[in-house]
Amino acid sequence: MTKAIEEQLELLAENAVDLFSREELKRKLETTRRDNRPLRVKYGADPSAPDIHLGHVVGLNQLRRFQDCGHTVVFIIGDFTGMIGDPSGRSQTRKPLTREQVAANALSYQEQVFRILRREQTEIAFNSNWLSPMGFEEVIRLSAHVTVAQLLARDDFSKRYAANQPISLVEFLYPLVQAYDSVKVKADVELGGTDQLFNLLLGRELQKVMGQEPQVVMTLPLIEGLDGVNKMSKSLGNYIGINEPAKDIFGKAMSISDDLMWKYFRLVLGWGREAIEQLQSEVQSGTVHPRDAKDRLATALAARFHDEAAARAVSEEFRRVFSAGQAPSEMPELVVTPDLLDGEGRAGLMALMVAGGLCASNGEAKRLIQQGAVKIGEEKATEVQAKVVPVDGLIIKSGKRGFVRLRLA
RNA sequence: GGUGGGAUAGCGAAGUGGCCAAACGCAUCAGACUGUAAAUCUGACGACUCACGUCUUCGAAGGUUCGAAUCCUUCUCCCACCA
């Protein structure tokens with residue numbers, strides 16, 4: 001709260017990609033300091049995908065920085081838009097939600113968000129509060145402030161339009177809705193990913209038109225997901241969720257490419273530039289193995305969303321299973337029931353694999369065996385038709401990650 | 001309102017009577033190499049069967065045919081353009 005203006009500015013702008021504008025932000029910081037009131041920093045969330053992942057964490061971290069400087073976060077849950085959905089059918093994640101679903105998602109959202117944000121410096125707002133009661137007249141008045149050409153200027157709209165792909169009117173309206181939210185909550189600043197730039201700027205425009213001081217717009221980098229190419233998103237399934245078990249957070253983090261890990265250090269862990277450059281040079285000089293650098297990342301992530309002890313445990317477990325090739329300490333079990341056995345007390349390997357959940361069908365089991373992915377105990381299975389004499393505790397392994405332990409009934 | 005185009009496996013997209021369980025690309029899964037890296041290379045990729053093979057699938061329902069993703073009829077849904 002007492003940080004000097006310049007210092008705040010430095011900290012807040014560090015990771016920003018776009019900032020409109022630095023001067024304006026500075027001025028706002030000064031006036032709020034003088035009037036002794038915090039800035040209102042707006043951030044919008046889509047309640048249709050209630051799992052918060054590391055991509056969101058980038059934004060949340062930045063919000064937290066604002067809070068650390070004494071400012072207030074206005075966290076908007078887009079329940080109204082969530083209930084309308086996206087009729088273009090392009091995206092399955094945009095199915096309309098029921099009121100109950102939205103409420104449930106919003107609740108789980110808050111619970112996750114407050115693992116990063118300070119509750120006492122956060123206002124939660126549901127945009128249905130002001131959008132639902134709006135009459136059509138108001139909606140039309142609102143849309144009068146924006147031209148089609150303006151909307152078409154947005155990158156993905158212009159691309160789709162040029163490619164003769166559908167753009168529904170609702171999609172056109174969404175940016176307007178988001179901009180109107182800014183007016184309603186009297187935002188001083190709005191944050192979003194770089195893909196939100198257009199929408200954020202529209203909020204600025206609309207505030208001006210409606211007689212408010214325009215919000216400062218700040219965009220943050222998008223982080224690529226596990227595939228290393230596409231931005232992290234739930235619908236692509238390339239994400240690390242903050243509610244995932246420590247083991248999964250760790251394992252997924254280990255699978256990202258070396259190039260990408262620095263971005264995670266900076267934007268998800270919030271490491272400063274010096275610390276990152278230091279580690280980078282150690283990796284470059286060979287002092288630190290890249291694997292170990294990534295282990296630090298993965299451990300820190302697991303620790304952040306669980307705790308130190310759990311993080312250390314998964315790191316060790318990981319080393320044992322994947323570096324040393326040993327069996328994990330815990331794995332699913334399959335109780336061998338009599339119907340799996342033939343007359344001589346043996347069970348077909350394929351049947352065991354299907355029953356144990358290692359694969360979905362016999363055909364798949366066969367493929368895995370033929371490709372040399374399957375081990376019975378220590379022995380590699382080579383025969384598709386192999387029979388196994390079940391022994392209590394015997395482990396069947398499929399691929400790098402599939403394990404099942406047999407239990408006799 | 002008019003004109004044209006389209007619906008094929010997780011996605012994209014070929015295929016216009018038998019050689020189609022359906023090219024190719026992406027994604028996925030496995031193997032090799034490794035650090036569970038990434039990249040690369042190799043293989044697999046509807047179900048059932050040891051296998052010969054059998055069964056279900058090309059928007060839906062009917063029909064023509066020895067034989068239909070492919071032809072005909074009706075229906076459903078989608079898109080672009082012109083107004």
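What's counted below: heavy atoms across the whole structure, side chains too, no hydrogens, waters or symmetry copies. In what follows, chains carry the letters A, B, and so on, assigned in the order in which the sequence lines appear, proteins first and then strands, with residues in each chain numbered from 1.
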Pairing partner of [N] (Watson-Crick or G-U wobble, both distances under 3.5 Å):
{"N": "B/rA69", "value": "none"}
{"N": "B/rU57", "value": "none"}
{"N": "B/rA14", "value": "none"}
{"N": "B/rA30", "value": "B/rU42"}
{"N": "B/rA7", "value": "B/rU76"}
{"N": "B/rC52", "value": "none"}
{"N": "B/rA22", "value": "none"}

Using the [atom1] atom as the point on both nucleotides, what is the distance between [M] and [N], in whole Å?
{"N": "B/rA80", "M": "B/rA13", "atom1": "P", "value": "15 Å"}
{"N": "B/rA21", "M": "B/rG53", "atom1": "C1'", "value": "14 Å"}
{"N": "B/rU54", "M": "B/rG4", "atom1": "P", "value": "44 Å"}
{"N": "B/rA23", "M": "B/rG43", "atom1": "P", "value": "16 Å"}
{"N": "B/rC50", "M": "B/rC58", "atom1": "C1'", "value": "31 Å"}
{"N": "B/rC19", "M": "B/rG67", "atom1": "P", "value": "14 Å"}
{"N": "B/rU57", "M": "B/rG63", "atom1": "P", "value": "15 Å"}
{"N": "B/rG18", "M": "B/rU70", "atom1": "C1'", "value": "11 Å"}

Task: Qualifying ring pair (Phe, Tyr, Trp, His ring centres under 6.0 Å) pairs with a residue from residues 203-223 of chain A, counting only residues at least two apart or across chains - done: none

TODO: Scan for ring pair (Phe, Tyr, Trp, His ring centres under 6.0 Å) pairs involving residues 266-289 of chain A, sequence neighbours excluded, and state none if there are none.
DONE: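 Sorted result for residues 266-289 of chain A: A/F265-A/W271.
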
Salt bridge present between [X] and [Y] (N-O < 4.0 angstrom):
{"X": "A/K28", "Y": "A/E213", "answer": "yes"}
{"X": "A/E317", "Y": "A/R320", "answer": "yes"}
{"X": "A/R64", "Y": "A/D68", "answer": "yes"}

Hey, does the side chain of [X] come within less than 4.0 Å of [N]'s phosphate (OP1/OP2), counting only N and O?
{"X": "A/K366", "N": "B/rA51", "result": "yes"}
{"X": "A/S255", "N": "B/rA38", "result": "no"}
{"X": "A/S398", "N": "B/rA30", "result": "no"}
{"X": "A/R367", "N": "B/rA47", "result": "yes"}
{"X": "A/R291", "N": "B/rA38", "result": "no"}

Open item on the list: Heavy-atom nearest nucleotide on RNA chain B for A/K380 versus A/F322: which residue maps closer to 5'?
Closed with: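 Residue closer to the 5' terminus by nearest nucleotide: A/K380.
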
TODO: Return the 5'-most residue of the pair A/G402, A/P290 with respect to RNA chain B, ranking by each residue's nearest nucleotide.
DONE: A/G402

Task: For A/E123, the option from A/K186, A/R40, A/K42, A/K184 that meets salt bridge (charged side-chain N to carboxylate O under 4.0 Å, His left out) - done: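 One option only clears the test, and that one is A/R40.
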
[X] has an atom [atom1]; how far is it from atom [atom2] of [N], in whole Å?
{"X": "A/K397", "N": "B/rG31", "atom1": "NZ", "atom2": "C1'", "value": "12 Å"}
{"X": "A/M261", "N": "B/rA38", "atom1": "CE", "atom2": "P", "value": "13 Å"}
{"X": "A/D259", "N": "B/rG35", "atom1": "CG", "atom2": "P", "value": "18 Å"}
{"X": "A/L226", "N": "B/rU28", "atom1": "CG", "atom2": "C1'", "value": "14 Å"}
{"X": "A/K400", "N": "B/rG35", "atom1": "NZ", "atom2": "C1'", "value": "11 Å"}
{"X": "A/D258", "N": "B/rG35", "atom1": "CG", "atom2": "C1'", "value": "8 Å"}
{"X": "A/L349", "N": "B/rC50", "atom1": "CG", "atom2": "C1'", "value": "14 Å"}
{"X": "A/F318", "N": "B/rG35", "atom1": "CZ", "atom2": "C1'", "value": "8 Å"}

TODO: Answer with base, sugar-phosphate or nothing: what part of the nucleic acid does A/G363 contact at a heavy-atom distance below 4.0 Å?
DONE: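 Result for A/G363 = sugar-phosphate.
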
Open item on the list: At 4.0 Å (heavy atoms only), tell me whether A/N362 reaches a base, stays on the sugar-phosphate, or touches nothing.
Closed with: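 The residue A/N362 makes sugar-phosphate contact but no base contact.
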
Under 3.5 Å, which donor-acceptor pairs link side chains of residues 246-264 of chain A to any protein atom two or more places apart or in another chain?
residue : atom : partner : partner atom : Å
A/K252  : NZ   : A/Y239  : O            : 3.1
A/K252  : NZ   : A/E244  : OE1          : 2.9
A/K252  : NZ   : A/E244  : OE2          : 3.1
A/S255  : OG   : A/K252  : O            : 2.9
A/S257  : OG   : A/L260  : N            : 3.4
A/D258  : OD1  : A/K294  : NZ           : 3.0
A/K263  : NZ   : A/L222  : O            : 3.1
A/K263  : NZ   : A/E224  : OE1          : 3.1
A/K263  : NZ   : A/E224  : OE2          : 3.4
A/Y264  : OH   : A/E224  : O            : 2.7

For the side chain of [X], counting heavy atoms from C-beta on, which of [options] is nearest?
{"X": "A/A373", "options": "B/rG35, B/rG31, B/rA38", "answer": "B/rG31"}
{"X": "A/Q385", "options": "B/rG35, B/rC50, B/rA47", "answer": "B/rC50"}
{"X": "A/Q371", "options": "B/rG35, B/rG43, B/rU36", "answer": "B/rG43"}

Task: Stretch residues 275-288 of chain A: residues that reach within less than 4.0 Å of RNA chain B through a heavy atom - done: none

Task: salt bridge (Lys or Arg N to Asp or Glu O under 4.0 Å) against A/D227, all qualifying residues, sequence neighbours excluded - done: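 So A/D227 forms no salt bridge (Lys or Arg N to Asp or Glu O under 4.0 Å) with any residue.
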
Task: Closest non-hydrogen atom pair between A/M218 and A/F66, with its separation - done: CE-CZ, 4.2 Å

List the atom pairs, donor and acceptor, that lie under 3.5 Å between side-chain atoms in residues 386-404 of chain A and the rest of the protein, sequence neighbours left out.
residue : atom : partner : partner atom : Å
A/D392  : OD1  : A/L408  : N            : 2.9
A/D392  : OD2  : A/R407  : NH1          : 2.9

